[in-house]
Amino acid sequence: MTRICLVEDEEKVSSFIKKGLEEHNYSVDVAADGVAGLTLMLQNKYDLFILDMMLPLLSGMELCRQVRQKQPDAPVLILSALGTIDDKVNGLQAGADDYLVKPFHFKELLARIEALMRRRQPTDQGASHYLNFSDLKLNIWDKTAERGGKQIALTAKEYALLELFIRNANKLLSREYITEKVWGINFDTQTNMVDVYVNYLRNKIQKGFDKKLIHTVIGMGYILKEQ
Ligand code: CA
């Protein structure tokens, strides 16, 4: 669920926005002044910020600068009663991604939020930060792995190798290809480094499970598949 932080001191406006967004399946946290907004921002990770410009204690502009530093990936939409070109330019220079002048129609706010969220999504895997294969699940943000709901401790190279296998599931991968992708080098393939790491990985993800997932194709390389 998309998580939004809304900082707005006019209660009527904030409850109207919160209610509308929740009806569209967004989760919304509201703060009524700049410092409360800063606190929310420091404690939670958000997908998007909606900031009123004129706020008690800390301005929307200053808050926007803080968001840019702490949560650089989250788009910021500024709401403001100030509609001059200079006001907009100031907001955008503080790092805002969009600027909406009050009063506005809820439909327009919604359309702009949707546009910002679309822009934010990476082109390949969509918004998800999980990769799945069979009962394996990787979290590509914190680089952790689990199988059948059980956490598996992996070293950085083992994780990189497993991610490569899952992104190329059911494809035969040569040792040369694996070396280049995981170690970033074109190796002399006389070394058995890949075999050694594949064995480490097999020990961790297959021990205690019925199904083998990483298969050797003799003379060619390895393949991740279900049978
Ligand atoms: Ca205000």
Side-chain angles (χ1 to χ4, degrees), residues 1-132 137-144:
M1 197 190 241
T2 304
R3 200 163 177 204
I4 295 177
C5 178
L6 168 64
V7 190
E8 164 64 76
D9 57 319
E10 283 170 76
E11 213 251 308
K12 255 171 73 182
V13 178
S14 65
S15 58
F16 154 75
I17 295 175
K18 180 177 163 72
K19 189 165 164 282
L21 289 176
E22 284 175 348
E23 280 167 10
H24 287 83
N25 288 320
Y26 290 95
S27 144
V28 185
D29 289 346
V30 178
D33 65 65
V35 170
L38 184 65
T39 308
L40 277 182
M41 191 271 285
L42 294 173
Q43 287 172 348
N44 308 287
K45 188 156 171 48
Y46 291 101
D47 300 298
L48 181 111
F49 289 83
I50 302 173
L51 309 177
D52 180 31
M53 192 74 116
M54 288 198 286
L55 289 169
L57 304 177
L58 186 70
S59 74
M61 194 99 83
E62 184 49 38
L63 188 51
C64 181
R65 286 198 191 92
Q66 299 279 341
V67 173
R68 279 286 71 92
Q69 283 179 19
K70 310 280 191 218
Q71 298 199 30
D73 298 334
V76 175
L77 171 65
I78 287 198
L79 295 180
S80 178
L82 310 170
T84 71
I85 295 294
D86 280 348
D87 296 321
K88 290 186 188 177
V89 168
N90 287 339
L92 296 172
Q93 280 178 344
D97 299 274
D98 203 353
Y99 192 106
L100 193 56
V101 178
K102 290 177 181 174
F104 54 83
H105 284 281
F106 181 76
K107 266 165 90 173
E108 181 172 9
L109 175 66
L110 190 62
R112 291 190 186 219
I113 289 172
E114 284 166 355
L116 288 170
M117 295 314 299
R118 271 200 303 278
R119 254 192 266 161
R120 183 183 177 237
Q121 290 181 5
T123 45
D124 56 348
Q125 286 274 334
S128 173
H129 57 287
Y130 293 105
L131 289 176
N132 294 285
K137 183 173 175 186
L138 292 195
N139 180 330
I140 60 175
W141 284 2
D142 64 12
K143 304 208 182 296
T144 53

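Whatever order the structure lists them in is the order used to number ligands and atoms, beginning at 1. Positions are given from 1, in the same order as the sequence printed here. Please read all numbers here as calculations on a predicted model, not as lab measurements.
Aromatic ring pairs are classed by plane angle as parallel below 30°, tilted from 30° to 60° and perpendicular above 60°; the pair F16 and F106 is perpendicular.
The only option from L79, D33, L51, I50 that meets the side-chain contact (heavy atoms from CB on, under 4.5 Å) definition with E8 turns out to be L79.
Counting backbone and side-chain atoms alike, M54 contributes an N/O/S atom closer than 3.0 Å to the Ca ion (ligand 1). The Ca ion (ligand 1) has D52 among its coordinating residues (N/O/S atom, backbone or side chain, under 3.0 Å). At a cut-off of 3.0 Å, E10 is not counted among the residues with an N, O or S atom near the Ca ion (ligand 1).
Salt-bridge check for K19 with E22: failed, with every basic side-chain N at 4.0 Å or more from each acidic carboxylate O. The pair D97-R68 counts as a salt bridge, with a side-chain nitrogen and a carboxylate oxygen less than 4.0 angstrom apart.
Closest approach between the Ca ion (ligand 1) and any N/O/S atom of D9 involves OD1.
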